[in-house]
Amino acid sequence: ESLADDSHDGEEAMETRLNDRAIAHRDAWVEVDLGAVVANAQALAERLGGVARLAPVVKANAYGHGAVPVSRALAAAGFGPFCVATVDEAIQLREAGVGGSIIVLYEPPLRAFPDAAQVGLDITLGDARTVELISQRPLVERERLRLQLKIDTGMTRQGLRSEEHTSELQSRQYLVC
């Protein structure tokens, strides 16, 4: 269980917190100081010095810290876009009121694109065939998505390789709405 909110004062007695129904019957829990999360993000952003923008990765429930409360706290402090692994994670943030860009880092299955379009997500594409299939989707669906290509830069794990039609994809207007 993750308690990611501001209702737990760090000075509050442990016995008082153990009366909280969310953790009363658990042997272990995590308490997340959202103020510290925001302060850490601000420190990282300062180190970037305006050269790049920090895009918090909140996939896997913000690595157990609570994706919704962490995203809300960071958004209130001016951070975004947010990065997630799946369309489901992105939809969870949208339903919780997180606005702005939400980037799905891994290419979702084709059946997820209508839902992604409905909530206006940024989708990463890393396969030439998927790019071609998406170009055939209805215009109204493509207009609601922001698509980006993942290019394999040498690790050979994910993304389009240069020999995999990268120049062809760049020269053709596959995704033009």
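Note that the structure is a prediction, hence the values are computed from the model and not measured. Only this structure's heavy atoms are used, side chains among them; waters, hydrogens and symmetry mates stay out.
- Arg144 places no side-chain N or O within 3.5 Å of a backbone atom of Leu139 that could act as its donor or acceptor partner.
- Judged by distance alone, the side chain of Glu89 and the main-chain N or O of Ala60 form a donor-acceptor pair under 3.5 Å.
- In this structure, CD1 in Ile102 is found 10.0 Å from CD in Gln92, a value given to the nearest 0.5 Å.
- The shortest heavy-atom contact between Ala67 and Leu93 is O-CD2, 3.8 Å.
- For Arg53 (side chain) and Gly80 (main-chain N/O), a donor-acceptor pair under 3.5 Å exists by modelled atom type.
- Annotation: the span from Gln118 atom CD to Phe113 atom CZ amounts to 15.0 Å, rounded to 0.5 Å.
- Nearest heavy-atom pair, Arg94 versus Gly120, reported as atom, atom and distance to 0.1 Å: NH2-O, 3.1 Å.
- Nearest heavy atom pair, residue Val87 against residue Ala112, reads CG2-CB, 3.9 Å.
- By the 4.5 Å heavy-atom criterion applied to side chains, Val104 and Thr86 are not counted as neighbours.
- Formation of a donor-acceptor pair under 3.5 Å by the Arg72 side chain with backbone atoms of Ala76 is not found in this model.
- Considering only heavy atoms from C-beta on, Val98 stays 4.5 Å or farther from Val68 through its side chain.
- No donor-acceptor distance shorter than 3.5 angstrom exists from the side chain of Asn61 to the backbone of Tyr63, with no hydrogens or angles considered.
- Put simply, the side chain of Glu107 gets close to the backbone of Gly126: a donor and an acceptor are under 3.5 Å apart.
- Note: Gln148 CD to Thr124 OG1 = 3.5 Å, rounded to the nearest 0.5 Å.
- Distance check, rounded to the nearest 0.5 Å: CG of Leu74 to CD of Gln42 gives 9.0 Å.
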Given the rule in the side chain to side chain donor-acceptor pair (under 3.5 Å) test, do Tyr106 and Lys59 qualify, once you have shown the distances and angles that lead to the verdict?
-> CA-CA 11 Å; Tyr106 306 108; Lys59 66 181 187 168; 2.8 Å; yes
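- Ile134 CD1 to Leu145 CG: the interatomic distance, rounded to the nearest 0.5 Å, is 7.5 Å.
- Put simply, the side chain of Leu54 reaches to within 4.5 Å of the side chain of Leu48, judged on heavy atoms.
- Note on Val131 and Leu133: same hydrophobic cluster, where clusters join Ile, Leu, Val, Met, Phe, Trp and Tyr whose side-chain heavy atoms are under 4.5 Å apart, directly or indirectly.
- Interatomic distance, CD1 of Ile123 versus CG of Leu105, reported as 10.0 Å (0.5 Å rounding).
- Within the 4.5 Å cutoff, the side chain of Cys83 has no heavy atoms near those of the Val58 side chain.
- Under the 4.5 Å side-chain heavy-atom criterion for Ile, Leu, Val, Met, Phe, Trp and Tyr, Leu125 and Ile103 are members of distinct hydrophobic clusters.
- Hydrophobic cluster membership is shared by Phe79 and Leu44, with clusters built from Ile, Leu, Val, Met, Phe, Trp and Tyr side chains linked at under 4.5 angstrom.
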